[in-house]
*Asks:* 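Would you mind keeping the following structure in view while I ask a few things?
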Number of protein chains: 2
Amino acid sequence: MRTPNHLDETLLALADPTRRAILQRLAAGETRVTELAQPFAMSLNAVSKHIRVLERAKLVHRRREGREHLLSFTPKPMDEAARWMEAQRSNWTTRLQALDDLLQEEDRVASASAPPHPKGPTR
Amino acid sequence: MRTPNHLDETLLALADPTRRAILQRLAAGETRVTELAQPFAMSLNAVSKHIRVLERAKLVHRRREGREHLLSFTPKPMDEAARWMEAQRSNWTTRLQALDDLLQEEDRVASASAPPHPKGPTR
DNA sequence: TCGATATTCAACCCAAAGGTTGAATGATGC
DNA sequence: GCATCATTCAACCTTTGGGTTGAATATCGA
């Protein structure tokens, strides 16, 4: 029973060049499906599927106007993704990594000075 | 012939909760494979595969020390991803979207005032 | 009413992702 | 040397992803 969360869907949707290109196009404004599909070397159906993936991730919103479907970019889900990444980055750069590096460095120095063997008595 | 670029691999690697958890753990410091795998309800082999995906995306670096492999977090690829997202966001918020909205608004107003039918003579 | 246009639905294909189990490799410690 | 531990390799299975083609649906324009 896989229950993918928002991040899963967002990042998965973004992990495809076609879909990123679609988003890029949409960032310039609302576009119809056919118009959107035109530059790609694949069937309209294929693009339609990509759009559904983007919709599932809520990165794209669809507005029906007669027979044409107008798609627009919704940046909100990307905020969450960006925030996750930033959290990782900061979590890494700050104290924890520094501390870890320091401890390792101490270990290395200690085991290099005490016994003549470079393979220290770690762990 | 699919030639996935960096972003593909990075985002694909991040689009899995197990792998994100692994990165989160690694952000707290270098860790052995077995130790890393322990909290997960899956085989060691499965985790090993996840690690390979993260390595392929260069989000994780492996350092062999005797029989144990020490893994560490490498944030660089995430920078590129974050930059792409930021570019999208800004590309969307600025002028282009504003212009598009403006034009649409004008269209809507024009078609709402001239004919009594709300369905305007658009396009 | 009718033909063209915009889009999806449905069925299928193939490759890749994520998982399993079992065996292989390689360092470690007596 | 030998059992043990850390890790990967190899083969397999099932689900999903990305693509195709062909038919269905719905709106438009005349």
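These figures come from a predicted structure and were not determined experimentally. Below, chains carry the letters A, B, ... as their sequence lines are ordered, and counting in each starts from 1.
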*Asks:* Please report the distance, rounded to the nearest Å, between CZ in B:Arg32 and C1' in C:dT28.
*Replies:* 13 Å
*Asks:* Rounding to a whole Å, what distance do you find between B:Leu44:CG and C:dT21:P?
*Replies:* 12 Å
*Asks:* Calculate the interatomic distance between A:His69 atom NE2 and D:dT27 atom P; express it in whole Å.
*Replies:* 9 Å
*Asks:* Where the side chain of A:Lys49 is defined as all heavy atoms beyond and including C-beta, which of D:dT20, C:dG18, C:dG19 is the nearest nucleotide?
*Replies:* D:dT20
*Asks:* Out of C:dA6, C:dA17, C:dG19, which has the shortest distance to the side chain of B:His50?
*Replies:* C:dG19
*Asks:* Only counting residues at least two apart or in another chain, list the ones meeting side chain to side chain contact (heavy atoms under 4.5 Å, CB included) with B:Arg56.
*Replies:* B:Glu9, B:Leu12, B:Val53
*Asks:* Rounded to the Å, how far apart are A:Glu65 CD and C:dT5 P?
*Replies:* 20 Å
*Asks:* Working to the nearest 0.5 angstrom, can you tell me the gap between A:Ile51 CD1 and A:Leu26 CG?
*Replies:* 7.5 Å
*Asks:* Looking at D:dG17, D:dG18, C:dG18, which one has an atom nearest to any side-chain atom of A:Arg56?
*Replies:* D:dG17
*Asks:* Under 3.5 Å, is there an N or O donor on one side and an acceptor on the other linking the side chain of B:Asn45 and the base of C:dG22?
*Replies:* yes
*Asks:* Calculate, to the nearest 0.5 Å, the distance between atoms CG and CG belonging to B:Leu71 and B:Leu36 respectively.
*Replies:* 6.0 Å
*Asks:* In whole Å, what is the span from the CG atom of B:Asp8 to the P atom of D:dG18?
*Replies:* 10 Å
*Asks:* Closer to the 5' end of DNA chain D via nearest nucleotide, is it A:Met42 or A:Arg67?
*Replies:* A:Met42
*Asks:* Go through C:dC9, D:dT20, C:dT20 for me and flag the one nearest to the B:Ala46 side chain.
*Replies:* C:dT20
*Asks:* For B:Arg19 and C:dA17, give me the distance from atom CZ to atom C1', rounded to whole Å.
*Replies:* 8 Å
*Asks:* CG of B:Leu70 versus P of D:dA6: gap in Å, rounded?
*Replies:* 12 Å
*Asks:* The side chain of A:Ser48 lies closest to which of these nucleotides: C:dG19, D:dT21, C:dT8?
*Replies:* C:dT8
*Asks:* Rounded to whole Å, please give me the gap between CD1 in B:Ile51 and P in C:dG19.
*Replies:* 12 Å
*Asks:* 5'-most contact on DNA chain D: A:Val47 or B:Glu55, nearest heavy atom basis?
*Replies:* B:Glu55
*Asks:* Taking side chain to side chain contact (heavy atoms under 4.5 Å, CB included) as the definition, give me every residue that meets it alongside A:Ser48, ordered by chain and number, with sequence neighbours left out.
*Replies:* none
*Asks:* Ignoring hydrogens and geometry, is there a side-chain-to-backbone donor-acceptor pair from A:Arg19 to A:Leu14 under 3.5 Å?
*Replies:* no
*Asks:* Is any side-chain nitrogen or oxygen of B:Ser43 closer than 4.0 Å to OP1 or OP2 of C:dG19?
*Replies:* no
